[in-house]
Amino acid sequence: MLFPDYRARRMRQSDAFRRMMRETTLSADDLILPLFAIGGKDVKQPIPSMPGHFQLSIDYLVKAAARAFEAGIPAVMLFGIPSKKDPLATQAYAKDGIVQKAVKAVKEKLPELAVITDVCLCQYTDHGHCGVVENGVIDNDASLDLLARTAVSHADAGADMVAPSDMMDGRVAAIREGLDENDFSQVPIMSYAAKYCSAFYGPFREAAHSAPQFGDRRTYQMDPANALEAIREVTMDVEEGADIIMIKPALPYLDIICRVREEVDLPVAAYNVSGEYAMIKAADQMGWVDGKQVMMESLLGIKRAGADMILTYFAMEAAEVLNAR
Ligand code: PBG
């Protein structure tokens, strides 16, 4: 149909029509809030590049989780900042590790809130890499056992779901096996399946003290130039038993979200990462954009591209906007 028979503006003329025509909607159900756990008590240390976010001691973290639950957010994603690091990341799988303690505390107070844990070694290794380092090289297979142990220890603490973000080959299968052997066959894996080697993680690395101490992550995280490789990564994780496939970052990779959504029949998650958050916050603080509107438009775009759920530092603010509608 062509103009003048078809007039695209006809269905845009009223709010009622626009609502009827809306193809994509957002709700608090779509959002997952990342939180950073640190030791101590009464600690609420601001993260300068992520205004509104803090390193939280467990007492505060439970309160933040409670606010998310009350706002209708179904899940939080926990990251830990340990007090000591070593070559084998022992604090990642310690029974009394920071994430393990945080999971327990949140589940005790908020049994209905889903607690997802990030499974990685980089916050816990002294070299800051996501796997075990042998002679300056990240050793894939030697890392799998530690990743599986970490996931099992999270499940043991009460985590509802584990989310490996390390990008070692074979980790989903190793974690699935570890969980199943330990009676956690009901604990799903949200795999960071296509995780790109991105400069957008900058603020997170400041927040989680997880920057690599030598080199970079290009031997394990994906080259931003590649899309077909994302399909291979995703296919591998599906076959190894992932329950949810994640793409990360989100906004510069909407094409990947779209392709993966068409490729797999599993739920697709997108991680709207720290740098994406920081840019909008900074531009808002400068008065250059309307931060709230840009936030909602970004989240809608990620959903429209095909994400079923979004991990985002905007989760609380976006839920407030959505709940006020
Ligand atoms: C740990 C991990 C990272 C992020 C999530 N898990 C950092 C990295 O890979 O360097 C990034 C999250 C963000 O930037 O918001 N491997």
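Values in this document were obtained by computation on a predicted structure and should not be read as measured data. For ligands, and for the atoms within them, numbers begin at 1 and follow the listed sequence.
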Of the protein's non-hydrogen atoms, which lies at the shortest distance from atom 10 (O) of ligand 1, and what is that distance?
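Heavy-atom neighbour on the protein nearest atom 10 (O) of ligand 1: Arg205 NE, 2.6 Å.
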
Min side-chain heavy-atom separation His129-Tyr220 under 4.5 Å:
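Side chain of His129 against side chain of Tyr220, heavy atoms only: contact under 4.5 Å found.
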
Do Leu251 and Trp288 land in one hydrophobic cluster if side-chain heavy atoms of ILVMFWY residues count as linked below 4.5 Å?
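The answer is no; the residues belong to distinct hydrophobic clusters.
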
Please answer: with hydrophobic residues joined when any side-chain heavy atoms are less than 4.5 Å apart, are Met236 and Val238 in the same cluster?
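No.
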
Which of the atoms of ligand 1 are close to [X], meaning less than 4.0 Å from one of its heavy atoms?
X      : answer
Arg217 : 8 (C), 9 (O), 10 (O)
Ser165 : 1 (C), 2 (C), 6 (N), 16 (N)
Lys248 : 2 (C), 3 (C), 4 (C), 5 (C), 6 (N), 11 (C), 12 (C)

Decide whether a cation-pi geometry holds between Lys281 and Tyr313; the criteria are a distance under 6.0 Å from NZ or CZ to the six-membered ring centre and an angle within 45° of the ring axis.
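Pair Lys281/Tyr313 does not count as cation-pi.
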
Is ligand 1 under 4.0 Å from a heavy atom in the side chain of [X], in the backbone, in both, or in neither?
X      : value
Ser274 : both
Asp166 : neither
Cys122 : side chain

Between Tyr313, Phe204, Tyr271, Tyr277, flag the one that comes closest to atom 7 (C) of ligand 1 by a heavy atom.
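It is Phe204 that holds the nearest heavy atom.
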
Among Glu276, Met50, Met246, Lys195, closest by any non-hydrogen atom to atom 16 (N) of ligand 1
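Nearest heavy atom to atom 16 (N) of ligand 1 lies in Lys195.
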
Would Gln221 count as a polar contact of ligand 1, with the cut-off being nitrogen or oxygen pairs under 3.5 Å?
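N/O-N/O distance below 3.5 Å exists for this pair.
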
Hey, are Asp284 and Lys292 close enough for a salt bridge, meaning a charged N less than 4.0 Å from a carboxylate O?
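No salt bridge links Asp284 with Lys292.
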
Does this structure show an ion pair linking Asp126 with Lys84, if we count only N-O contacts that are shorter than 4.0 Å?
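No, Asp126 and Lys84 are not salt-bridged.
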
Please round to the nearest 0.5 Å and tell me the distance separating atom CD1 of Ile245 and atom CD1 of Ile257.
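It is 13.0 Å, given to the nearest 0.5 Å.
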
